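Residue numbering restarts at 1 for every chain, and letters A, B, ... go by the order of the sequence lines. This structure is a prediction, so every number in the text was calculated from the model and none was measured.
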There are 2 protein chains.
Amino acid sequence: MPKNRREIDSGQKRTEIIDCAEKLFREGGYQATTMTALARAVGIAPNAIYWYFPSKDHVLVAVLERCHGAMIETLAGDDSLGTGLHETLRRLLARLREIKSLVDELRWRGSHSEVILEFRRSYHRRMRLLLADALKRASNSQKERELLGVAIMAVVEGALIYDSPKFPAEEIVEAAVRGLIKLENEA
Amino acid sequence: MPKNRREIDSGQKRTEIIDCAEKLFREGGYQATTMTALARAVGIAPNAIYWYFPSKDHVLVAVLERCHGAMIETLAGDDSLGTGLHETLRRLLARLREIKSLVDELRWRGSHSEVILEFRRSYHRRMRLLLADALKRASNSQKERELLGVAIMAVVEGALIYDSPKFPAEEIVEAAVRGLIKLENEA
DNA sequence: CCCTTTCTTGAATGGTGGTCAAGAAGTACA
DNA sequence: TGTACTTCTTGACCACCATTCAAGAAAGGG
């Protein structure tokens with residue numbers, strides 16, 4: 001029984017599909033990118049994708065997994081306590097804005113597909129961990145600190161929705177989070 | 001030239017379609033509700049809907065227009081200065097939660113359809129007006145007050161995304177907005 | 001040489017939002 | 001009363017989508 005047709009070919013093509021999908025998803029969005037277009041970009045037949053991924057949603061999850069993975073790793077790499085929460089959030093926003101269309105899809109598609117919902121949950125978990133680190137000293141009770149974390153994530157997500165030249169997401173988050181932290185410190 | 005087949009029939013059927021659409025959209029979401037299903041619920045042929053609405057998006061806008069219209073009216077009816085910003089936001093959240101799936105669709109679909117985008121803009125405008133009322137005395141400069149308004153709306157939108165039994169949107173908004181206001185008062 | 005596993009494909013399926021031209025049903029005017 | 005014009009309604013149809021299926025090609029092990 002042969003291990004593989006060409007040893008690494010499988011993983012390589014998978015990666016290639018994810019590469020193309022990320023590019024197309026970013027440019028035109030998830031919904032607007034058809035499997036046919038994706039296949040054409042990769043250079044294979046439309047149905048060939050289904051050998052590598054069970055569904056279009058799974059392709060999206062693979063793309064998001066890579067994007068978010070890299071993002072979280074980068075953020076965690078910076079010593080967030082040293083640079084401060086605001087700087088961390090600023091970087092997070094810049095990163096998220098880059099993949100805004102993917103974030104939109106994730107948000108919306110989560111209420112329709114189980115795979116995506118699953119990913120979103122894990123994404124939230126990882127983000128909470130990341131924030132917990134930056135908030136270690138910012139609060140007293142466990143419950144309060146958790147609420148603070150969720151609130152910050154909500155602010156980030158909302159700010160991205162209302163992001164505009166006049167009111168950039170950074171300013172919105174800055175204002176809201178400053179208020180939140182101040183409140184915590186005084187309590 | 002006859003004014004109408006049966007005088008009011010046209011508007012009546014239009015309303016009937018909106019009624020059914022609202023019900024179906026709420027139950028199963030926008031995307032999951034097919035035009036065929038909507039037509040069946042109303043009791044007409046699928047394509048008959050296209051005589052009343054140019055597209056499915058327009059049906060959604062009609063539904064949203066009514067929901068949001070009623071919502072904003074109710075909120076504006078209460079003397080928001082008397083009851084206070086927090087109470088207003090609390091009511092706003094309760095209302096929005098009811099039509100959560102529609103809000104989701106609005107958010108996502110806005111980046112795909114011009115009609116929806118248009119509605120979303122007008123919705124934001126109206127909300128800003130509503131908030132401006134409640135914030136009249138909360139801030140000094142025009143620019144600051146506007147940022148405050150956008151931030152509050154962002155918090156509301158984000159809180160709705162992260163709404164859960166453990167961390168209800170009300171608590172998230174409460175925390176974030178309290179911080180925001182405090183910051184403004186001190187500046 | 002065959003056999004199994006790994007890929008790849010052309011053709012087809014069911015379902016979608018949306019279109020079109022023809023018909024039914026009222027109303028106005030002759 | 002008849003007929004023309006507008007308002008609605010419909011069945012048949014289209015292009016497109018994600019997805020499936022069965023059959024074929026490529027490559028290595030025996």
Roughly, in whole Å, what's the span from [atom1] in [X] to [atom2] in [N]?
X      : N      : atom1 : atom2 : value
A:F53  : C:dC7  : CZ    : P     : 13 Å
B:H112 : C:dT16 : NE2   : C1'   : 16 Å
A:Y52  : C:dT9  : OH    : C1'   : 13 Å
B:R14  : D:dC8  : CZ    : P     : 12 Å
B:L38  : C:dT16 : CG    : P     : 13 Å
B:W51  : C:dA25 : CH2   : C1'   : 13 Å

Practice task
Ignoring hydrogens and angles, tell me if any N or O in the side chain of A:Y52 forms a donor-acceptor pair with the backbone of A:T15 under 3.5 Å.
Solution key: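 Looks like no, no N/O pair under 3.5 Å.
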
Problem - Sidechain-backbone polar pair: B:K13 side chain, B:V42 backbone, donor-acceptor under 3.5 Å - result: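 Judged by distance alone, no pair lies under 3.5 Å.
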
Practice task
Hey, could you give me each pair passing ring-ring contact (aromatic ring centres under 6.0 Å, His included) that has a residue in residues 149-179 of chain A? Not counting sequence neighbours.
Solution key: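 Checked against ring-ring contact (aromatic ring centres under 6.0 Å, His included) - neighbours excluded - the pairs reaching residues 149-179 of chain A are A:Y162-B:H124.
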
Handout entry: Any B:K13 side-chain nitrogen or oxygen under 4.0 Å from OP1 or OP2 of D:dT9
Key =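 Checking D:dT9 against B:K13, a side-chain N or O does come within under 4.0 Å of OP1 or OP2.
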
Exercise for the section: Establish whether B:L148 and B:L93 are linked, either directly or via other cluster members, by ILVMFWY side-chain heavy-atom contacts under 4.5 Å. Expected result: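 Linked, B:L148 and B:L93 end up in one cluster.
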
Problem - Pairing annotation in dot-bracket form, given for DNA chain C with Watson-Crick or G-U pairs under 3.5 Å and | for cross-strand partners - result: |||||.|||||||||||||||||.||||||

Handout entry: Pairing residues for A:R90 by the side-chain contact (heavy atoms from CB on, under 4.5 Å) criterion, not counting sequence neighbours
Key =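 Expected list: A:E87, A:E170, A:E174.
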
Practice task
Kindly write out the residues that satisfy ring-ring contact (aromatic ring centres under 6.0 Å, His included) with B:Y123, not counting sequence neighbours, or none if the list is empty.
Solution key: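 So B:Y123 forms a ring-ring contact (aromatic ring centres under 6.0 Å, His included) with B:H68.
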
Exercise for the section: With heavy atoms under 4.0 Å as the rule, sort A:A45 into base, sugar-phosphate or nothing. Expected result: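 It contacts sugar-phosphate atoms only.
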
Practice task
Using the test salt bridge (Lys or Arg N to Asp or Glu O under 4.0 Å), find all partners of A:R26 that sit at least two apart in sequence or belong to another chain.
Solution key: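 Testing A:R26 for salt bridge (Lys or Arg N to Asp or Glu O under 4.0 Å), a comparison that skips the adjacent residues, returns A:E22.
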
Completion exercise
With sugar-phosphate taken as primed atoms, P, OP1 and OP2 and all else as base, the protein-contact string of nucleotides 13-18 of chain D at under 4.0 Å (heavy atoms; B, S, -) is ----SS

Practice task
Answer whether the closest heavy-atom distance between the side chains of B:R66 and B:D19 falls below 4.5 Å.
Solution key: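 Counting from C-beta outward, B:R66 and B:D19 do come under 4.5 Å.
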
Problem - Interatomic spacing from CG in A:L130 to CE in A:M153 - rounded to 0.5 Å - result: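 Between atom CG of A:L130 and atom CE of A:M153 there are 9.5 Å.
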
